[in-house]
Amino acid sequence: MTSYGRAVRHELGAPTRELRRWIPGAYEGYKQLHDATMAAGELDTKTKELIALAVSVSRQCDGCIAAHAQGAVRNGATLGEAAEAIGVNFMMDGGPATVYGARAFAAVTEYHEREHGTSESTQDG
């Protein structure tokens with residue numbers, strides 16, 4: 001099974017570190033924006049991570065999918081919540097979302113199993 005979570009993040013690790021060496025200020029500015037945006041406020045961090053996951057599907061960004069799948073799980077998202085967030089993206093983005101949506105759900109499942117040891121029971125189809 002292809003990994004859309006850890007393998008993608010591993011693949012991007014070295015090139016990201018190298019680019020960060022050249023433009024540390026840009027990365028620090030982005031980190032500040034990320035941290036301020038993802039902090040709990042009127043929306044909790046889990047909800048924000050699910051929104052970011054759905055946008056990642058729309059943008060067809062495997063690195064973003066991996067990061068926000070992990071963030072969603074770390075903040076308590078269930079497989080069902082992730083699936084529904086991805087489903088909203090299907091409605092808004094159409095056919096291409098079904099491809100990247102499957103990748104996103106695979107990444108969430110991967111992180112969920114790593115964090116919780118087992119997957120949740122599957123939904124009957």
Side-chain angles (χ1 to χ4, degrees):
M1 178 173 146
T2 301
S3 168
Y4 292 103
R6 295 181 4 220
V8 168
R9 295 197 75 183
H10 177 74
E11 177 185 338
L12 294 172
T16 299
R17 285 188 296 278
E18 180 63 17
L19 182 57
R20 186 179 296 135
R21 263 186 357 98
W22 287 90
I23 53 170
Y27 272 90
E28 182 56 34
Y30 179 77
K31 182 184 180 317
Q32 289 176 5
L33 174 63
H34 175 276
D35 292 349
T37 302
M38 298 309 279
E42 294 296 318
L43 294 174
D44 62 22
T45 302
K46 175 179 79 172
T47 301
K48 291 179 179 188
E49 287 288 359
L50 290 168
I51 292 168
L53 180 65
V55 171
S56 299
V57 170
S58 182
R59 301 297 301 168
Q60 300 177 359
C61 176
D62 284 330
C64 302
I65 287 169
H68 294 293
Q70 183 179 40
V73 169
R74 282 188 175 163
N75 284 282
T78 66
L79 295 177
E81 290 169 329
E84 287 192 20
I86 293 165
V88 171
N89 185 270
F90 285 12
M91 179 200 56
M92 298 300 293
D93 211 21
T98 65
V99 174
Y100 282 85
R103 289 179 177 177
F105 193 69
V108 169
T109 300
E110 178 183 340
Y111 286 116
H112 191 274
E113 288 176 354
R114 183 175 174 94
E115 181 124 344
H116 300 286
T118 61
S119 63
E120 297 172 16
S121 58
T122 58
Q123 193 94 21
D124 289 335

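Heavy-atom basis, side chains included; hydrogens, waters and symmetry copies ignored.
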Please list all pairs meeting salt bridge (charged side-chain N to carboxylate O under 4.0 Å, His left out) that have one or both residues in residues 10-23, counting only residues at least two apart or in different chains. E18-R21
Partners meeting side chain to side chain donor-acceptor pair (under 3.5 Å) with T47 (sequence neighbours left out): D44
Output all residues satisfying side-chain contact (heavy atoms from CB on, under 4.5 Å) with A85, sequence neighbours left out; order by chain, then residue number. L50
Any V108 side-chain heavy atom under 4.5 Å of L53 side chain: yes
Please name the pair of heavy atoms, one in V57 and one in I65, separated by the smallest distance, quoted to 0.1 Å. N-CG1, 4.3 Å
Among residues at least two apart in sequence or on other chains, which ones pass side-chain contact (heavy atoms from CB on, under 4.5 Å) with H34? Y30, M38, H68
With sequence neighbours excluded, give me every salt bridge (charged side-chain N to carboxylate O under 4.0 Å, His left out) pair touching residues 74-84. K46-E81
In residues 89-102, what donor-acceptor pairs under 3.5 Å come from side-chain atoms, sequence neighbours left out?
| unit_1 | atom_1 | unit_2 | atom_2 | d |
| --- | --- | --- | --- | --- |
| N89 | ND2 | A54 | O | 2.9 |
| D93 | OD2 | S58 | OG | 3.3 |
| T98 | OG1 | G95 | O | 2.6 |
| Y100 | OH | R103 | NH1 | 3.2 |

Testing the basics here: between A104 and I86, what is the closest heavy-atom pair and its distance to 0.1 Å? CB-CD1, 3.8 Å
Tell me whether K48 contacts the main-chain N or O of A40 through its side chain, where contact means a donor paired with an acceptor under 3.5 Å. no
